[in-house]
There are 2 protein chains.
Amino acid sequence: MKLQEALHKLKEQGVRLTPQRQEVLRILIEEAGGEEHLSAEEIWRLVRKRYASISFDTIYRTLNLFVRCGLASELDFPDGCRRFEFAGNGHHHHLVCLKCGRAEELAFCPEDCLIRAQFEKPGFKITGHAFKIYGYCPKCQQVSDGSSHHS
Amino acid sequence: MKLQEALHKLKEQGVRLTPQRQEVLRILIEEAGGEEHLSAEEIWRLVRKRYASISFDTIYRTLNLFVRCGLASELDFPDGCRRFEFAGNGHHHHLVCLKCGRAEELAFCPEDCLIRAQFEKPGFKITGHAFKIYGYCPKCQQVSDGSSHHS
DNA sequence: TCCTAGATCAGAATTATTCCTATGTACCAG
DNA sequence: CTGGTACATAGGAATAATTCTGATCTAGGA
């Protein structure tokens, strides 16, 4: 199962497997289940169920560690806080609702653009990319101001 | 000239033309000149040259106003603060250096992806999109740790 | 020129994230 | 299995970007 693989990957990199780290990882994989993109605060709330005294600092340090180790991806949606997802479900991009903040995953990726970029700016060493499409999800279009407010 | 057009556009929308707003707009157009992507603080510093007592609040309110009016675009680069650019130079995307934070503009856009997204998620009302390529610019690759740190 | 809705200023408040330091613990060597 | 230590954690303070508040000012129409 994914959690075991991920724990193994951490160990390989010489990272200590504290119970807090394991629980954060478990939540990223199981609670989020490829469906939600959790903010640090949401993760903190979930971890607190088992580790009532875990600090915000530990959540952030752990998430940043996971990002560095390639186990998590950081998503900056336009609602003021970073969100995180497990990185073991393959590379993908997002369709983000500007009202409710929820994100759906997209099955395609503009990777041909990387080649074009490499051609256009030869000296630049490309390490990653992000593609986001913004708009309003079906649910938020039904609510009165989902599609009609200009502010 | 662009500044006049932009001021006219603001007036059309019933927005008051205060000297502070005109100066912020002038800076976005002239000082930035399609080359830099300015943070609120950088803009504040530049406006202070002429309006020494302008407040941060006014800068932010003005920039948010310009974004709402379609005169400015908001860019969230991964260095912790939003940056702004004049929106009258056409639609484009960015190649962002992870070390120095500088961004270059790209001449192409993965717009065909929007059609694919529309096909894949029919109920979603698309209003915009963002594409960013990350990496290290030639200058930052020369500095020792530009290409070799894993953090 | 006068009035007033809306803008500005100054600083306090808010929010996300990181830093600090004393204490706790994972895990390697013995 | 046990002890030592390098690294992790908790808790709270610090930082930094952005927004709010309330008093004062002003752009632009009458």
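Note that this is a predicted model, so its numbers are computed, not measured. To find a chain, count down the sequence lines: A is the first, B the second, and so on, and within it residues start at 1.
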**Request:** Go through the side-chain N and O atoms of E85(A) and H92(A) and say whether any donor and acceptor fall under 3.5 Å apart.
**Result:** yes
**Donor-acceptor pair between H129(B) and H91(B) side chains, under 3.5 angstrom** = yes
**Request:** Quickly work out the I59(B) CD1 to dA7(C) P distance and round it to whole Å.
**Result:** 15 Å
**Prompt:** Please give, in whole Å, the distance from dA10(D) P to R21(A) CZ?
**Reply:** 11 Å
**Euclidean distance, atom CZ of residue R48(A) to atom C1' of dA10(D) [Å, nearest integer]** = 12 Å
**Request:** Please report, rounded to the nearest Å, how far the C1' atom of dT8(C) is from the CG atom of L65(B).
**Result:** 14 Å
**Asked** Is E120(A) paired with R116(A) through a side-chain N to carboxylate O contact shorter than 4.0 Å?
**Response** no
**Request:** Find the distance Q22(A):CD to dA8(D):P and express it as a whole number of Å.
**Result:** 14 Å
**Request:** Give the C-alpha distance, both sets of side-chain angles, the deciding distance and a yes or no for side chain to side chain contact (heavy atoms under 4.5 Å, CB included) between E12(A) and H8(A).
**Result:** CA-CA 6 Å; E12(A) 273 183 347; H8(A) 182 72; 3.5 Å; yes
Please write out each protein N/O paired with an N/O of nucleotides 11-18 of chain D under 3.5 Å, distance rounded to 0.1 Å.
from	atom 1	to	atom 2	distance (Å)
dG11(D)	OP2	S53(A)	O	3.0
dG11(D)	O6	D57(A)	OD2	3.4
dT18(D)	OP1	R82(B)	N	3.2
dT18(D)	OP1	R82(B)	NE	3.0
dT18(D)	OP2	Y60(B)	OH	2.0
dT18(D)	O5'	Y60(B)	OH	3.1

Collect all protein-nucleotide pairs involving nucleotides 23-30 of chain C in which both atoms are nitrogen or oxygen and the distance is under 3.5 Å.
from	atom 1	to	atom 2	distance (Å)
dC27(C)	OP1	L17(A)	N	3.0

**Message:** Apply the hydrophobic cluster definition, ILVMFWY joined by side-chain contacts under 4.5 Å directly or through others, and give me every member besides I115(B).
**Reply:** none
**Message:** If you apply the rule side chain to side chain contact (heavy atoms under 4.5 Å, CB included), what do you find for L38(A) with F84(A), and how did you get there?
**Reply:** CA-CA 5 Å; L38(A) 302 169; F84(A) 297 85; 5.8 Å; no
**Complete:** In whole angstroms, the gap separating P of dA7(C) from CG of L63(B) amounts to 15 Å
**Electrostatic pair E42(A)-R83(A), nearest N-O below 4.0 angstrom** = yes
**Request:** Whole angstrom is fine here: how far is it from CD in E23(B) over to C1' in dT8(C)?
**Result:** 16 Å
**Asked** Under the side chain to side chain donor-acceptor pair (under 3.5 Å) rule, what pairs show up with a residue in residues 50-59 of chain B, not counting sequence neighbours?
**Response** E23(B)-R50(B), S55(B)-T58(B), D57(B)-R61(B), T58(B)-R61(B)
**Request:** Mind telling me whether F108(A) and F131(A) have parallel, tilted or perpendicular rings, with 30° and 60° as the class edges?
**Result:** tilted
**Message:** Taking E41(A) first and then R45(A), would you say they form a salt bridge - that is, a charged N and a carboxylate O separated by under 4.0 Å?
**Reply:** yes
**Asked** Among all residues two or more places apart in sequence or in another chain, which pass the salt bridge (Lys or Arg N to Asp or Glu O under 4.0 Å) test with E104(A)?
**Response** K121(B)
**Message:** Using C1' atoms of five pairs at each end, report the bend of the helix from dT1(C)-dA30(D) to dG30(C)-dC1(D) rounded to 10 degrees.
**Reply:** 30°
**Message:** Rounding to an integer number of Å, can you tell me how far Q13(B) CD sits from dG28(D) P?
**Reply:** 15 Å
